[in-house]
Amino acid sequence: MKNFNYSIPTKVFFGKDQINVLAREIKNYGSKVLLVYGGGSIKKSGLHDKITGILKANNISFWELAGVEPNPRVTSVRKGAQLCRDNKIDLILAVGGGSSIDCAKVIAAAYYYEGDAWDIVLDPSKIKKVLPLATILTLAATGSEMNAGAVITNFETKEKLGTGHEDMAPKFSILDPTYTFTLPVKQTAAGTADITSHIFEVYFSSTKEAFLQNRMAEGMLKTCIKYGPIALKDPENYEARANLMWTSSLAINGLISYGKETEWSVHAMEHELSAYYDITHGVGLAILTPHWMKYILNDSTLDKFVEYGVNVWDIDKNGDKYAIANAAIEKTREYYNSLGIPSSLKEVGINEEKLEEMAKQSIRRGKLGNFRVLEAEDVLSIFRAAL
Ligand code: NZQ
Ligand code: ZN
């Protein structure tokens with residue numbers, strides 16, 4: 001296992017009615033809040049009324065940045081940073097999924113940065129100071145509620161890039177699984193696929209001695225496999241929503257990646273699909289993942305796929321190793337299909353036209369992966385296989 005520094009500073013309030021701590025927790029940081037949220041789901045569900053009611057009752061002033069897009073734009077970040085400066089905001093409160101949370105994180109960093117907000121996405125080392133932020137999560141998917149990263153899109157330059165700083169981790173996050181009851185089927189499926197991908201990106205690794213992290217990762221995958229379909233069929237099933245929500249946070253907060261080499265190849269590839277075609281992140285991941293697995297399977301990665309097949313899919317360990325590995329990849333594909341996610345790029349409107357350009361762009365920050373290193377031509381092969 002490699003050395004690591006453990007730091008997961010976000011305070012989590014998990015469960016029904018945990019919103020009761022909201023005013024008390026905000027007051028640790030001040031009394032002027034910027035609410036950041038998406039296109040209206042929180043108004044429909046009544047959560048917006050609930051939050052603003054609590055703020056008013058506790059003399060907490062608030063301003064609002066509404067309409068943050070899925071695949072949040074840098075234009076929203078700029079607007080939010082201006083609102084914070086104009087109103088001397090003490091804390092940013094993101095309410096929603098990864099898009100609202102990521103937007104809030106970069107607003108928080110842009111607040112202290114003198115130049116344009118896009119600079120700190122292109123170069124995270126320019127982030128020196130960050131306003132406190134907190135979250136109320138409504139979609140189990142990205143894990144942004146408990147980590148220090150954010151992904152922002154600039155459609156003018158067709159770029160979707162990750163940035164981060166340790167102080168961008170939320171100060172606190174309220175995780176009430178009942179807030180995910182209203183999710184459309186497509187978002188529940190895409191969110192669950194996103195969680196599994198975060199696990200795969202660190203599970204498939206050349207680091208062999210991280211036994212504990214690997215077993216935790218397998219437990220998280222089994223949780224998604226068990227509860228994803230239940231949440232789809234029975235959206236108000238608390239047990240399913242609660243297990244998915246907690247898995248979303250733990251899958252990408254460092255817990256299962258500490259001490260390991262990590263991949264993050266499928267994410268880099270998918271971010272190109274979203275940057276060029278504005279598709280849903282989890283859908284792109286689910287389409288690419290089985291093809292990526294097939295592509296990286298060879299004699300040097302084989303044992304890891306066998307471990308995956310036997311421990312996660314309960315495939316008989318006595319069979320031929322390649323047969324186990326291929327069966328595990330097939331099970332992965334079937335699982336995503338069972339969630340109702342399309343299985344080809346064509347089905348989400350992507351054709352051959354931009355594949356080469358996207359493949360080149362995907363390695364702009366360097367070759368992808370460690371376990372199996374991918375260059376632009378490898379990415380192109382994976383894209384083509386997924387067409
Ligand atoms: O905008 P509203 O009206 O709120 O509707 C949203 C949006 O249309 C809707 N929604 C969310 N909660 C709901 C709900 N609808 C009904 N009931 C609810 N309870 O769902 C739609 C998608 O929301 P979004 O926030 O875009 O989804 P998600 O959480 O999947 O976030 C995706 C973004 O996060 C990035 C992705 O790339 C993408 O831009 N990621 C962030 C990461 C991070 N910070 O660590 C890691 C991830 O790998 C990912 O890249
Ligand atoms: Zn993701």
Side-chain angles (χ1 to χ4, degrees), residues 10 35-48 65-74 76-77 94-106 121 133 135-155 159-165 168-170 173 175-202 231 235-236 241 244-245 248-249 251-254 257 262-275 278-286 288-289:
T10 302
L35 272 184
V36 175
Y37 56 94
S41 71
I42 67 161
K43 288 207 165 150
K44 246 200 216 158
S45 68
L47 185 55
H48 180 271
L65 176 70
V68 173
E69 314 80 2
N71 296 326
R73 319 279 143 98
V74 68
S76 295
V77 174
V95 187
S99 295
S100 297
I101 300 175
D102 286 4
C103 187
K105 285 177 174 177
V106 184
V121 179
L133 70 119
T135 83
I136 299 178
L137 186 66
T138 66
L139 202 178
T142 65
S144 189
E145 66 275 10
M146 211 178 170
N147 70 29
V151 186
I152 299 295
T153 298
N154 184 338
F155 276 111
E159 287 174 293
K160 177 173 180 181
L161 297 171
T163 186
H165 183 279
M168 272 165 50
S173 284
L175 272 51
D176 183 334
T178 65
Y179 297 161
T180 64
F181 285 176
T182 53
L183 277 167
V185 165
K186 180 187 164 183
Q187 292 299 338
T188 298
T192 306
D194 190 22
I195 303 171
T196 62
S197 178
H198 299 153
I199 304 167
F200 291 140
E201 299 276 21
V202 302
E236 302 202 1
R241 294 298 193 181
L244 289 173
M245 190 174 247
S248 86
S249 306
I252 184 176
N253 67 359
S257 59
T262 58
E263 293 301 287
W264 298 105
S265 305
V266 183
H267 269 68
M269 291 189 268
E270 194 294 313
H271 286 170
E272 295 311 318
L273 305 183
S274 288
D278 201 14
I279 67 163
T280 301
H281 175 61
V283 170
L285 295 170
L288 294 176
T289 294

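Indexing begins at 1, ligand by ligand and atom by atom, following the structure's order.
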ask   = Where do T142 and D194 land on the side chain to side chain contact (heavy atoms under 4.5 Å, CB included) test, with the steps shown first?
value = CA-CA 7 Å; T142 65; D194 190 22; 3.7 Å; yes
At less than 4.0 angstrom from any non-hydrogen atom of [X], what atoms of ligand 1 do you find?
X	answer
K160	36 (C), 37 (O), 38 (C), 39 (O)
G97	25 (O), 29 (O)
P72	39 (O)
P70	8 (O), 26 (O)
L139	11 (C), 12 (N), 20 (O), 22 (C), 23 (O), 27 (O), 28 (P), 29 (O)
T138	11 (C), 12 (N), 13 (C), 18 (C), 19 (N)
H271	37 (O), 50 (O)
P184	15 (N), 16 (C)

query = Out of E270, E272, H271, which residue meets the side chain to side chain donor-acceptor pair (under 3.5 Å) rule with S274?
reply =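 Only match with S274 under side chain to side chain donor-acceptor pair (under 3.5 Å): E270.
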Heavy-atom distances under 4.0 Å decide this one: backbone, side chain, both or neither, for [X] against ligand 1?
X	result
A141	side chain
N147	side chain
Y179	backbone
K44	neither
T182	both
D194	side chain

Ligand 1 to [X] polar contact by distance, N or O atoms, under 3.5 Å:
X	value
T180	no
I252	no
G149	yes
H267	yes
G39	yes
H198	yes

Spatial distance of atom [atom1] ([X]) from atom [atom2] ([Y]) [nearest 0.5 Å]:
X	Y	atom1	atom2	value
L244	T192	CG	OG1	5.0 Å
D102	N147	CG	CG	8.0 Å
T262	H267	OG1	NE2	11.5 Å
L183	T138	CG	OG1	6.5 Å

query = Angle at the Zn ion (ligand 2) between OD1 of D194 and NE2 of H281, to 10°?
reply =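 D194 OD1 and H281 NE2 form an angle of 90° at the Zn ion (ligand 2).
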ask   = Once rounded to 10 degrees, what value does the angle at the Zn ion (ligand 2) take between NE2 (H267) and NE2 (H198)?
value =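 Vertex the Zn ion (ligand 2), arms to NE2 of H267 and NE2 of H198: 90°.
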Run down the list [options] and name the one with the heavy atom closest to [atom].
atom	options	value
atom 34 (O) of ligand 1	L161, T280, L183, T142	T142
atom 32 (C) of ligand 1	G162, A251, S99, A275	S99
atom 29 (O) of ligand 1	G98, S45, P235, G40	G98

Under a 3.5 Å cutoff, is there a donor and acceptor pairing between the side chains of [X] and [Y]?
X	Y	value
T280	K186	yes
E201	S257	no
E145	S249	yes

To check your reading of the model: name the closest protein heavy atom to [atom], its residue, and the distance in Å.
atom	answer
atom 49 (C) of ligand 1	H281 NE2, 3.3 Å
atom 4 (O) of ligand 1	S41 OG, 2.7 Å
atom 44 (N) of ligand 1	D102 OD1, 2.8 Å

key: Derivation of the side chain to side chain contact (heavy atoms under 4.5 Å, CB included) call for L47 and Y179   = CA-CA 8 Å; L47 185 55; Y179 297 161; 3.6 Å; yes
Check whether any side-chain heavy atom of [X] sits under 4.5 Å from a side-chain heavy atom of [Y], and report yes or no.
X	Y	answer
C103	R73	no
V106	V74	no
T182	K44	no
E263	F200	no

query = Going through the checks in order, is the side chain to side chain contact (heavy atoms under 4.5 Å, CB included) test met by L273 and L288?
reply = CA-CA 10 Å; L273 305 183; L288 294 176; 3.8 Å; yes
query = Could you go step by step and tell me if S144 and K105 meet the side chain to side chain donor-acceptor pair (under 3.5 Å) rule?
reply = CA-CA 9 Å; S144 189; K105 285 177 174 177; 2.9 Å; yes
